[in-house]
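In each ligand, atom 1 is the first atom listed, and ligand 1 is the first ligand listed. As the structure is a computational prediction, the values presented were derived from the model and not from experiment. We're numbering straight along the sequence, starting at 1.
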Amino acid sequence: MTIAEQTSFVHQRARELGFSLVGIAQAVPLEQEFLRYQEWLAQGFHGGEQGAMQYMARNLDKREDVRAILPSAESVIVVAQNYYTPFSHVPKQDEGKISRYAWGTDYHEVIPPKLRTLCMALSEIDPKAEHKIYTDTGAILEKAWAVRAGIGWQGKHSNIIAREIGSWFFLGIILTSMKFIYDTPIKDYCVSCTACIDAFPTNAIVSPYRVDATQCISYWTIETKTQVDIPDTLAGAMEQWVFGCDTCQDVCPWNRFQVPTNEQAFMPRHEETSLSFRRIEEFQQEEFSARFRKSPLKRTKLAGLQRNARALQQAQARNTLNIE
Ligand code: B12
Ligand code: SF4
């Protein structure tokens, strides 16, 4: 096969596996992206050494250059897995909203088998080729690679947006020793819009494209340890989010171009997009484990979900007292 034929083969196989978009970038060191990443760390936006994401400050050599992971890497294949399902949040006052990405099966369960299948197809073309797969599973700046591979542009809320499907998609990565024809970045279509910055309930977007994770609802409701209390100021601005947060993407005009996913695994379990605080409090461990098996919600554990629900309820109570 010629390099051009190999390239169209990857595109075709990725589409057959249900990925909406695929792009390929050359595996060279990241430059400006890595400098900006270091600035982000230096500002403590990952939560610093005592925070829940200290791991972000490790393996910097790999984040800068994927060849520190796979020395033979020539290319970075990036795929977008749409997870949009045609449901919405209609929470009652005594319910907490679950973010869209967590309604169905965990993407860490869904994407890797497809990436492995794609790697097997590549190995049929070149049996000596080496590959490594990732989907939020290693020290790789996935969004930077998605931009380089032309999947979309980085929105001011820092998620990647594609003109074709908006931003409700996960990223998957294959590092490979094979060579392809490379894609190029597309232009930034945020232009003068600031809808996500204006809507962000906790001012986590400190300036366009820069998110301070320690002010992000997603960080507090998913990443922090159960025994850490959510600060009152944050809990008061959490707008009923009990697990993750979609506010910045809900308001984005590019998400009017969303297309329902063909992946059944992302359909909301029990058609649930919110959970009542009472239900969360009453869950027994065994029931929680069975109900949320292979769901992103298992990350926060039952105690974490209960901590989030209590913080929201206490914030509601404080608001009521302030009004009266
Ligand atoms: C850490 C992390 C988080 C943290 C920090 C978020 C963040 N913005 O970094 C927390 C827990 C808060 C989080 C939340 C979410 N996450 Co997350 N997260 C990650 C993870 C593991 C690393 C991201 C990272 O490296 N951040 C570090 C910062 C520095 O990176 P950055 O934001 O891209 O920063 C760049 C910009 O600031 C840019 N920049 C700076 N100045 C300027 C100026 C200009 C002009 C420009 C253009 C750029 C620019 O330079 C920086 C470096 O490149 C990735 C998986 C991975 N390995 O990549 C998933 C990932 C980013 N998360 C993902 C998702 C889905 C989410 C949530 C939507 C989940 C939810 N519903 O709650 C939210 C979105 C919140 C948000 N607005 O960011 C997806 C995003 C998919 C997409 N379409 O983009 C990823 C890629 C996982 C995956 N494989 O699909 N996440
Ligand atoms: S809401 Fe507006 S500024 Fe924010 S990411 Fe979407 S288009 Fe860009």
Side-chain angles (χ1 to χ4, degrees), residues 20-21 30-43 45-47 51-53 55-57 59 62-64 78-84 97-103 107-108 110-112 115 134-148 151-163 165-173 185 187-200 202 204-224 241 243-256 296 299:
S20 308
L21 301 165
L30 293 173
E31 292 169 350
Q32 192 183 39
E33 305 94 324
F34 183 66
L35 291 176
R36 284 172 168 167
Y37 183 75
Q38 287 179 302
E39 277 168 31
W40 186 82
L41 289 176
Q43 284 174 296
F45 290 160
H46 63 308
M53 302 196 309
Y55 71 90
M56 302 281 294
N59 296 310
K62 296 178 180 165
R63 292 178 204 271
E64 181 178 18
V78 185
V79 293
Q81 169 68 64
N82 180 1
Y83 63 87
Y84 177 78
K97 294 183 282 185
I98 302 167
S99 65
R100 186 174 278 285
Y101 93 94
W103 291 349
Y107 66 102
H108 299 94
V110 177
I111 298 179
L115 292 177
Y134 291 90
T135 180
D136 193 4
T137 43
I140 295 201
L141 301 187
E142 295 175 358
K143 291 185 279 184
W145 285 108
V147 170
R148 286 206 172 204
I151 292 285
W153 75 98
Q154 185 153 33
K156 289 178 189 170
H157 50 32
S158 94
N159 298 298
I160 305 301
I161 311 172
R163 290 186 74 184
I165 55 170
S167 66
W168 302 119
F169 59 82
F170 302 116
L171 294 171
I173 303 271
K187 85 183 242 298
D188 177 337
Y189 288 94
C190 283
V191 286
S192 59
C193 176
T194 55
C196 54
I197 301 175
D198 303 341
F200 225 93
T202 55
I205 307 182
V206 289
S207 61
Y209 312 97
R210 284 195 185 84
V211 172
D212 176 355
T214 67
Q215 297 301 310
C216 185
I217 295 168
S218 185
Y219 171 85
W220 281 99
T221 56
I222 302 176
E223 301 295 328
T224 54
W241 291 108
F243 185 85
C245 174
D246 290 335
T247 299
C248 62
Q249 296 187 88
D250 277 336
V251 299
C252 179
W254 285 94
N255 277 339
R256 289 195 299 246
R299 182 169 174 85

Original post:
Counting distance only, does the side-chain N/O of Q154 pair as donor-acceptor with the main-chain N or O of A144 below 3.5 Å?
Top reply: no

Original post:
Within the structure, does at least one protein heavy atom fall under 4.0 Å of atom 67 (C) of ligand 1?
Top reply: no

**OP:** Give the residue and atom name of whichever protein heavy atom lies nearest to atom 3 (C) of ligand 1, and the separation in Å to one decimal.
**Re:** M53 SD, 4.8 Å

Original post:
Distance-only, no hydrogens or angles: does the W40 side chain make a donor-acceptor pair with backbone N or O of V211 under 3.5 Å?
Top reply: yes

Original post:
If every non-hydrogen atom of G155 is compared with every non-hydrogen atom of I161, which pair is closest and at what distance?
Top reply: CA-CD1, 3.8 Å

Subject >> Interfacing atoms of ligand 1 (cut-off 4.0 Å, heavy-atom, L141) >> reply: 25 (O)

**OP:** Do me a favour and list the nearest non-hydrogen protein atom to atom 8 (N) of ligand 1 with residue, atom name and distance?
**Re:** S158 OG, 2.9 Å

Subject >> Test item: L30 and R148 side chains (from C-beta on) under 4.5 Å apart, heavy atoms >> reply: yes

Subject >> C252 neighbourhood, listing ligand 2 atoms whose heavy-atom distance to it stays under 4.0 Å >> reply: 1 (S), 6 (Fe), 7 (S)

Original post:
Q32 near ligand 1, heavy-atom distance under 4.0 Å?
Top reply: no

Original post:
Which atom pair, heavy atoms only, marks the closest approach of S99 to W241?
Top reply: CA-CZ3, 3.9 Å

**OP:** Number the atoms of ligand 1 from 1 as they appear, then name those within less than 4.0 Å of a heavy atom of Q249, with their elements.
**Re:** 68 (C)

**OP:** With heavy atoms of Y37 as the reference, note each atom of ligand 1 found under 4.0 Å away.
**Re:** 25 (O), 27 (C), 29 (C), 52 (C)

**OP:** May I ask whether atom 63 (C) of ligand 1 is less than 4.0 Å from at least one protein heavy atom?
**Re:** no

Original post:
Within the distance-only criterion (no hydrogens, no angle test), does the side chain of N82 pair as donor or acceptor with the backbone N or O of S20 below 3.5 angstrom?
Top reply: no

Original post:
Would a distance-only check, ignoring hydrogens and angles, find a side-chain to backbone donor-acceptor pair under 3.5 Å from W153 to A162?
Top reply: no

Original post:
Would atom 52 (C) of ligand 1 count as contacted, meaning some protein heavy atom under 4.0 Å?
Top reply: yes

Subject >> Geometric N/O contact F169 with ligand 1, under 3.5 angstrom >> reply: yes

Original post:
Among protein heavy atoms, which sits nearest to atom 58 (O) of ligand 1, and what does the distance come to when rounded to 0.1 Å?
Top reply: E142 N, 3.1 Å

Original post:
Quick check: does P208 get an N/O under 3.5 Å from an N/O on ligand 1?
Top reply: no

Original post:
Any protein heavy atom lying closer than 4.0 Å to atom 39 (N) of ligand 1?
Top reply: yes

Original post:
With a cut-off of 4.0 Å, which atoms of ligand 1 are near a heavy atom of E223?
Top reply: 11 (C)

**OP:** Look at the side chain of S218 and the backbone N and O of C245, then say whether any donor-acceptor pair between them is shorter than 3.5 Å.
**Re:** no

Subject >> Distance filter under 4.0 Å to D246 heavy atoms, resulting ligand 1 atoms >> reply: 71 (N)

Original post:
Which is closest to atom 34 (O) of ligand 1 in terms of heavy atoms, Q154, R63, Q43?
Top reply: Q154

Original post:
What are the atoms of ligand 2, with element, lying closer than 4.0 Å to any heavy atom of A195?
Top reply: 1 (S)

Original post:
Backbone, side chain, both or neither: what part of C216 comes under 4.0 angstrom of ligand 1, heavy atoms only?
Top reply: side chain

Original post:
Which residue owns the protein heavy atom closest to atom 73 (C) of ligand 1, what's the atom, and how far is it?
Top reply: S218 OG, 3.9 Å

Original post:
Any idea which part of W254 is under 4.0 Å from ligand 2, heavy-atom wise: side chain, backbone, both or neither?
Top reply: side chain

Subject >> Under 3.5 Å: N/O of F170 near N/O of ligand 1 >> reply: no

Subject >> 4.0 Å heavy-atom contact, I161 with ligand 2 >> reply: yes

**OP:** May I ask you to identify the nearest protein heavy atom to atom 21 (C) of ligand 1, giving residue, atom name and distance to one decimal place in Å?
**Re:** D136 OD1, 3.1 Å

Original post:
Is there an N/O/S atom in H157 that lies less than 2.8 Å from atom 6 (Fe) of ligand 2?
Top reply: no

Original post:
Does even one non-hydrogen atom of W153 get within less than 4.0 Å of ligand 1?
Top reply: no

**OP:** Determine, step by step, whether V206 and F45 satisfy the side-chain contact (heavy atoms from CB on, under 4.5 Å) criterion, reporting the C-alpha distance in whole Å, the side-chain angles of both residues, the deciding distance to 0.1 Å, and the verdict.
**Re:** CA-CA 10 Å; V206 289; F45 290 160; 3.8 Å; yes

Subject >> Per atom 4 (Fe) of ligand 2, closest listed option by heavy atom (C196, G166, S192) >> reply: C196

Original post:
Which heavy-atom pair separates I151 from V78 by the least distance, and what is that distance?
Top reply: CD1-O, 3.4 Å

Subject >> Where ligand 2 meets K156 - atom numbers and elements under 4.0 angstrom, heavy-atom basis >> reply: 3 (S), 5 (S), 8 (Fe)

Original post:
atom 19 (C) of ligand 1: protein heavy atom closer than 4.0 Å?
Top reply: no

**OP:** Give a yes/no verdict on a cation-pi contact between R163 and Y189, requiring under 6.0 Å between NZ or CZ and the six-membered ring centre and an angle within 45° of the axis.
**Re:** yes

Original post:
Of the non-hydrogen atoms in A199 and T247, which two are nearest, and what is the gap between them?
Top reply: O-CG2, 3.6 Å

Subject >> Minimum-distance protein heavy atom relative to atom 2 (Fe) of ligand 2 >> reply: C193 SG, 2.3 Å

Original post:
Atoms of ligand 1 less than 4.0 Å from C248 heavy atoms?
Top reply: 77 (N)

Original post:
Is it true that a side-chain atom of T202 and a backbone atom of Q215 form a donor plus acceptor pair closer than 3.5 Å?
Top reply: yes

Original post:
Who's the nearest protein heavy-atom neighbour of atom 7 (C) of ligand 1, and how far?
Top reply: K143 NZ, 3.7 Å

**OP:** Taking all heavy atoms of E33 and all of L141, pick out the closest pair and write down the distance.
**Re:** O-CD1, 4.4 Å

Original post:
Under 4.0 Å from any heavy atom of T135, which atoms of ligand 1 are there?
Top reply: 89 (N)

**OP:** Run the numbers on F169 and I160 for side-chain contact (heavy atoms from CB on, under 4.5 Å), then give the verdict.
**Re:** CA-CA 9 Å; F169 59 82; I160 305 301; 3.9 Å; yes

Original post:
Once you round to the nearest 0.5 Å, how far does CG of D212 lie from NE2 of H46?
Top reply: 11.0 Å

Original post:
Just heavy atoms, cut-off under 4.0 Å: does Y209 contact ligand 1 by side chain, backbone, both, or neither?
Top reply: both

Original post:
Parallel, tilted or perpendicular: which describes the rings of Y107 and F170, with under 30° parallel and over 60° perpendicular?
Top reply: parallel

Subject >> Best match, M56, R36, Q38, E33: closest heavy atom to atom 25 (O) of ligand 1 >> reply: M56

Original post:
Do the side chain of K156 and the main chain of V191 share a donor and acceptor less than 3.5 angstrom apart?
Top reply: yes

Subject >> Contact bool for atom 31 (P) of ligand 1 (protein heavy atom, d < 4.0 Å) >> reply: yes

Original post:
Considering all protein heavy atoms, does one lie under 4.0 Å from atom 87 (C) of ligand 1?
Top reply: yes

**OP:** Within a distance under 4.0 Å of any heavy atom of S167, pick out the atoms of ligand 1 and give their elements.
**Re:** 83 (N)

**OP:** Please work out whether any backbone atom (N, CA, C, O) or any side-chain heavy atom from C-beta onward of C245 is under 4.0 Å from ligand 1, and answer side chain, backbone, both or neither.
**Re:** backbone

Subject >> Donor-acceptor contact below 3.5 Å, side chain T135 vs main chain I173 >> reply: no

Original post:
What protein heavy atom is closest to atom 57 (N) of ligand 1, reported as residue, atom name and distance in Å?
Top reply: I140 O, 3.0 Å

Original post:
How far is atom 77 (N) of ligand 1 from its nearest protein heavy atom, and which residue and atom name does that atom have?
Top reply: H157 O, 3.0 Å

Original post:
If only atom types and distance count, is the side chain of N255 paired as donor or acceptor with the main-chain N or O of Q249 below 3.5 Å?
Top reply: yes

Original post:
Does the protein put a heavy atom less than 4.0 Å from atom 46 (C) of ligand 1?
Top reply: yes

